2 protein chains.
Amino acid sequence: MPTDDSPKTLRTTATSIEILKQLEAIDGARVSEIAERMDKPKSTIHGHLATLKQEQFVIKEGDFYFIGPELLRLGNQVRTREPAFVLARQFTERLFEETRLRSIFTVEMGGKAVFLHTASGSKMGWSHEQLGNRLFLHNTAVGKAILAELPEPRIEQIVDRWGLPQETENTTTDREALFEELERVRDQGYAVNRAENFNELYAIGVAATRRSGDVIGGFSVTGPAHSVTGEDRKAELAHTVKDIVSEFELELALA
Amino acid sequence: MPTDDSPKTLRTTATSIEILKQLEAIDGARVSEIAERMDKPKSTIHGHLATLKQEQFVIKEGDFYFIGPELLRLGNQVRTREPAFVLARQFTERLFEETRLRSIFTVEMGGKAVFLHTASGSKMGWSHEQLGNRLFLHNTAVGKAILAELPEPRIEQIVDRWGLPQETENTTTDREALFEELERVRDQGYAVNRAENFNELYAIGVAATRRSGDVIGGFSVTGPAHSVTGEDRKAELAHTVKDIVSEFELELALA
DNA sequence: CCAGCCGTTCGGCTATCCTGAACTTTAAAT
DNA sequence: ATTTAAAGTTCAGGATAGCCGAACGGCTGG
């Protein structure tokens with residue numbers, strides 16, 4: 001009777017998840033607060049929270065509920081599923097040490113770019129640690145670096161699924177143009193993001209591949225225009241990132 | 001009719017969660033594989049996976065399902081909920097730089113010790129990155145350090161809830177003995193784990209508190225006996241960890 | 001080309017989740 | 001202290017929504 005939002009979805013599970021998302025937003029929420037926000041009776045919310053609590057998906061402190069450790073543990077499995085992902089962490093940190101720029105290790109999942117590791121200095125304003133965040137591939141540096149290494153049909157598939165949405169005035173929205181750029185990326189061995197994503201935000205990304213040729217993910221450094229642009233600076237950074245990737249690929253092959 | 005395993009738990013949500021746990025164990029599972037393991041019809045599992053997929057709690061690659069990025073994102077919120085937790089990361093890394101021992105930042109949640117940050121060298125065998133794992137407080141170094149800073153009734157409550165289970169021959173299982181040790185911890189300003197947890201595993205932990213006095217969490221270094229024991233070595237490490245904690249507390253107070 | 005296996009769809013039955021109200025507890029205010 | 005209110009929790013009946021088994025279609029390997 002309420003809006004049938006999507007096909008064949010389990011209502012109960014969906015509400016449980018919705019509650020988790022509310023908890024994320026409010027952070028330390030009481031039963032009635034969530035009940036109000038979701039416009040459902042307290043008893044319903046209570047039942048869900050009781051179940052989630054039992055699995056430690058949430059924990060209860062006094063009358064407040066928080067996202068629980070089991071969710072952290074399970075979610076973290078994404079970063080440890082492949083040995084390569086675990087290894088990538090220390091290389092992300094080395095990349096930061098060498099460049100002093102926010103460094104990220106990203107993988108492709110479901111046609112999107114997912115952050116698995118980040119390294120950045122202390123007082124970076126945005127260091128919100130956005131692990132798990134999903135960005136587009138077509139307007140990020142690593143995204144393009146990864147795309148460039150994928151087999152053509154796969155690229156088509158991804159572009160078909162997500163399109164080429166414009167997020168800044170610099171975003172590449174033309175399919176032809178994107179493919180041309182990917183060609184260039186393959187030549188250079190690295191990709192650049194010129195504020196195609198967020199204004200003022202520039203980045204350089206390089207994909208890492210296995211000996212077999214298929215891609216694992218990619219490393220990137222990002223920063224405001226002045227710290228990444230300029231031909232010399234750019235070339236230097238690209239070189240550094242490529243070096244890290246080479247060492248990463250080498251160590252992976254040895255293990 | 002089936003075994004009523006526990007009070008008032010939402011069956012649907014519970015199964016969804018059970019499926020996630022199966023995915024964690026198998027890592028890259030097909031519908032029928034999970035169905036078989038859980039002894040439920042394929043169609044049921046399919047429905048759950050469809051729902052979880054829609055929320056990106058799982059992703060599907062070919063016919064294989066994996067834990068999805070949204071779970072990583074949500075779970076990671078545990079580490080970013082408090083600014084202090086975010087700040088703790090870099091101090092964990094500094095601690096590793098200075099000691100070259102596996103360094104961990106831990107908080108207390110629901111009477112257990114939860115790892116939020118770890119830093120360790122490359123070739124450590126166990127670096128399974130156990131973020132979110134829950135350990136006891138009474139037989140770990142940070143655990144005891146944290147306990148020592150909690151108000152007495154809270155300690156009682158936690159010990160009542162979880163007991164003092166024995167995990168190695170060194171575990172303190174006597175309530176009196178534990179309280180005496182906590183007293184000693186308060187005097188020294190640090191706690192020690194002498195293989196009370198896992199054989200061969202020693203650790204030194206120090207709790208970090210706010211100016212108000214309540215505890216945030218704790219830092220620790222762990223290693224095999226030879227790298228942590230010996231009076232001089234121990235004193236030196238304790239000093240290092242305490243220093244890190246002091247700097248952490250200071251920087252936190254300034255922010 | 002056929003046979004098996006697997007993923008997916010579908011409709012009916014009934015278990016189970018939702019709901020609203022009652023009960024308990026906590027906190028504040030007079 | 002006593003009272004009021006608001007929040008958390010419990011409960012039971014009724015309707016919804018998830019579970020199931022069977023059938024379909026796609027894929028792979030013999």
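This structure is a prediction, so every number in the text was calculated from the model and none was measured. Chain identifiers are assigned alphabetically (A, B, ...) following the order of the sequence lines, protein sequences preceding nucleic acid strands; residue numbering begins at 1 within each chain.
Atom CZ of A:F64 and atom P of C:dA27 are 11 Å apart (whole Å). As a whole-Å value, the separation of B:I45 CD1 from D:dC19 P is 9 Å. The distance from atom CZ of B:R30 to atom C1' of C:dT8 is 13 Å, rounded to the nearest whole Å. Look at CE on B:M38: it is 14 Å from C1' on D:dG18, rounded to the nearest Å. Atom pair A:K40:NZ and D:dA17:C1' shows a separation of 13 Å (rounding to whole Å applied). Put simply, CG on A:L10 is 14 Å from C1' on C:dA15, counting in whole angstrom units. Rounded to an integer number of Å, the gap from B:L49 CG to D:dC19 P is 12 Å. Distance CD1 (B:I19) to P (C:dG7): 13 Å, rounded to an integer number of Å.
Of the candidate nucleotides C:dT16, C:dG7, D:dA7, C:dT16 has the atom nearest to the side chain of B:R11. The listed nucleotides are D:dT9, D:dG21, C:dT19; the one nearest the side chain of A:V31 is D:dT9. Closest approach to the B:K42 side chain among D:dG8, D:dG18, C:dT8 is made by C:dT8 (side chain taken as heavy atoms from C-beta onward). When distances are taken from the side chain of B:H46 to each of D:dA7, C:dT8, C:dT19, the shortest belongs to C:dT8. Nearest to the side chain of A:Y65, among D:dG21, C:dT19, D:dT9, sits D:dT9. For A:D63, the listed nucleotide lying nearest its side chain is D:dG8; candidates were C:dG7, D:dG8, D:dC19.
The side-chain tip of B:R30 does not point at the ring of B:Y65 from less than 6.0 angstrom away and within 45° of straight on. A cation-pi geometry, defined here as NZ or CZ lying under 6.0 Å from the six-membered ring centre and within 45° of its normal, holds between B:K112 and B:F136.
For C:dC17, the OP1/OP2 oxygens have no side-chain nitrogen or oxygen of A:T12 closer than 4.0 Å. Here A:H48 reaches the OP1 or OP2 of C:dC18: one of its side-chain N or O atoms lies under 4.0 Å away.
Scanning atom types as modelled, one donor and one acceptor separated by under 3.5 angstrom connect the side chain of A:S43 and the base of C:dG20.
Nearest-nucleotide positions on DNA chain D place A:E33 closer to the 5' end than the other of A:E33 and B:T15. Judged by closest nucleotide on DNA chain C, B:G62 is the one of B:G62 and A:P41 placed further toward the 5' end.
In summary, of the residues considered (A:F219, A:F115, A:F91), a ring-ring contact (aromatic ring centres under 6.0 Å, His included) with A:F105 occurs for A:F219 alone.
A side-chain donor-acceptor contact under 3.5 Å links B:N193 to the backbone of B:N139.
Note that the CZ atom of B:R73 and the OG1 atom of B:T80 stand 9.5 Å from one another [nearest 0.5 Å].
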